[in-house]
Structure formats: structure tokens, C-alpha cells
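Taking it in order: structure first as C-alpha cells, then the write-up.
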Amino acid sequence: MRLTIDTQQDTYEQAVAAVQAAYGMRPAVPEAWSDAAAAEVRPGPQDLADDDLGDGWSDRLLFQVIAALMPGARAVLRRITDLGGAASYEDVQQHFADHPVIPIPRSRIGGTLTSIKAVQRRVGPDGAGPLLQRDDRARRYRIDDALQAGFQRAFALADMRPDLLRDDPARPVT
């Protein structure tokens, strides 16, 4: 993007406003800057509903959980969400054992999911039940139906704004 400012005609304030608009820090573009690019409005967590979905959870809180998770735990939660909120232990283990981007050995799935509990304790509402329920007898993971829809909305925002998500510290920076 090229920004030209005629300092003889523009005031200092107009010049600052033009630079702010160019970098998206100012939603309104100064009138004196006629060839300005339109400011891009990017969705954020503030655009998600803050209504109670049940047990004190909201779309915003669910997004905060997703954003705070390590990539492996986030991928497992995403997989269960994509499967309609329920999946067998074997399906999850098999999917990630052979995953091309985020391989998780079968023996480590349980530890990966423990981080979901830890993030829930830190971010979630007091006294809320577990986000991801485990039925050891049936060997299934399950997400409540009301939270399932909220997770879908939160993951949609995560897809649009990956810059808001926690990254893997072990991965080399490119």
C-alpha cells in the first residue's frame, strides 16, 4: 500500500489519521484522503453472543477456551465438535494416530484432553460441569447439545481469526 501525504496541504492530524486508517486502527477515513483503501472490519470475540447457553457458558467463553488450548487439544475438541458432539475413544485415537498435521499417539490422547479441563478451570464459569464429558463404560466423548452449537460458532470465528489462537511453543517459528 502506498500512502502519499502532501504536507503543505494536510495538517499533522490529517496525516496521522491517514496512517491510522491505512493500518486499520481508525475505522473512519479522513475526507481529505480521497484515494484511501476501505478499512477492513475483522470479526472478533466481541462479535460472539454473550447469552447463557447453559451452566454459565456463552459463545465468548467457549471461544476463550478454544483460543487458550494448545493446538493438539484444540484439534481433538474440533474433531468431536465436527462429529456432532459425540465420538468413540477409538475414532478419536485412530484419527489422530494417522493425522498428517497433528499426530497424537494413542497413548497421549488422554493427556491432551486433560488440558481442556485445565483451561476450563481457568476460563470457565464457576461450578460448570465438564465441557467434554467422558463415558468410560460406553467409551465415548460427548459435548452437550447447547454447547455443541456454541462450539461450532466459536470454531467458525477461530477459522477466520487464527491470529487469536494460542500457538504451539514447541513448533519452530517460520
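In this chain, residues are counted from 1 in sequence order.
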Open item on the list: Taking Arg137 first and then Asp135, would you say they form a salt bridge - that is, a charged N and a carboxylate O separated by under 4.0 Å?
Closed with: no
Task: Backbone N/O of Gly110 and side chain of Thr114: donor-acceptor pair under 3.5 Å - done: yes
- [ ] Please answer whether the main-chain N or O of Ala156 pairs with a side-chain N or O of Asp159 as donor and acceptor at a distance below 3.5 Å.
- [x] no
TODO: Identify the two heavy atoms, one from Ala154 and one from Ile66, that lie closest to each other, and give their separation to 0.1 Å.
DONE: CB-CD1, 3.5 Å
TODO: Decide yes or no for Ile102 and Ile104: does some side-chain heavy atom of the first lie under 4.5 Å from some side-chain heavy atom of the second?
DONE: yes
- [ ] Scan for salt bridge (Lys or Arg N to Asp or Glu O under 4.0 Å) pairs involving residues 48-57, sequence neighbours excluded, and state none if there are none.
- [x] Asp50-Arg60
TODO: In sequence, state the C-alpha distance, the side-chain angles, and the governing distance for Phe155 and Asp82, and then conclude on side-chain contact (heavy atoms from CB on, under 4.5 Å).
DONE: CA-CA 10 Å; Phe155 274 118; Asp82 289 347; 5.9 Å; no
Open item on the list: With a 4.5 Å cut-off on side-chain heavy atoms, are Arg153 and Phe63 touching?
Closed with: no
TODO: Write out all pairs satisfying salt bridge (Lys or Arg N to Asp or Glu O under 4.0 Å) with one or both partners inside residues 87-116, taking only residues at least two apart or from two chains.
DONE: Glu90-Arg139
Open item on the list: Less than 4.0 angstrom from a charged side-chain N to a carboxylate O is my criterion; do Asp144 and Arg142 meet it?
Closed with: yes
Open item on the list: Quick check on the hydrophobic clustering: are Val101 and Val76 connected, directly or via other members, by side-chain heavy-atom contacts under 4.5 Å?
Closed with: yes
TODO: Hey, could you give me the CG/CZ distance between Leu69 and Arg166, rounded to the nearest 0.5 Å?
DONE: 8.5 Å
TODO: Rounded to the nearest 0.5 Å, what's the gap from CE on Met70 to CD1 on Ile116? Could you check?
DONE: 13.0 Å
Open item on the list: Testing the basics here: between Gln148 and Ile143, what is the closest heavy-atom pair and its distance to 0.1 Å?
Closed with: N-CG2, 3.8 Å
TODO: Just do the side-chain contact (heavy atoms from CB on, under 4.5 Å) check on Leu165 and Arg74 with the steps written out, would you?
DONE: CA-CA 10 Å; Leu165 305 178; Arg74 188 170 43 245; 3.8 Å; yes
TODO: Take Phe96 and Arg79 through the side-chain contact (heavy atoms from CB on, under 4.5 Å) test and state the conclusion after the steps.
DONE: CA-CA 9 Å; Phe96 286 100; Arg79 174 73 178 162; 3.8 Å; yes
TODO: Determine, using the 4.5 Å side-chain heavy-atom cutoff (strictly less than), whether Val92 and Leu83 are members of one ILVMFWY cluster.
DONE: no
Open item on the list: I want to check something: taking the side chain as every heavy atom from C-beta on, are Leu48 and Ser58 in contact at a cut-off of under 4.5 Å?
Closed with: no
Task: Closest non-hydrogen atom pair between Tyr141 and Ile80, with its separation - done: CB-CD1, 3.8 Å
Task: Close side-chain approach of Leu157 to Asp47, heavy-atom, < 4.5 Å - done: no
Task: Ala128 versus Gln120, closest heavy-atom pair with distance - done: O-NE2, 3.6 Å
Task: Smallest separation among heavy atoms of Trp57 and Leu62, with atom names - done: CE3-CD2, 3.7 Å
TODO: For Arg140, check salt bridge (charged side-chain N to carboxylate O under 4.0 Å, His left out) against everything at least two apart and list the hits.
DONE: none
Open item on the list: Would you call the rings of His95 and His99 parallel, tilted or perpendicular, taking 30° and 60° as the class edges?
Closed with: perpendicular
Task: Residue pair Arg161 / Leu164, side-chain heavy-atom distance below 4.5 Å - done: yes
Open item on the list: In this structure, would Leu131 and Val123 fall into the same cluster of hydrophobic residues linked by side-chain contacts under 4.5 Å?
Closed with: yes
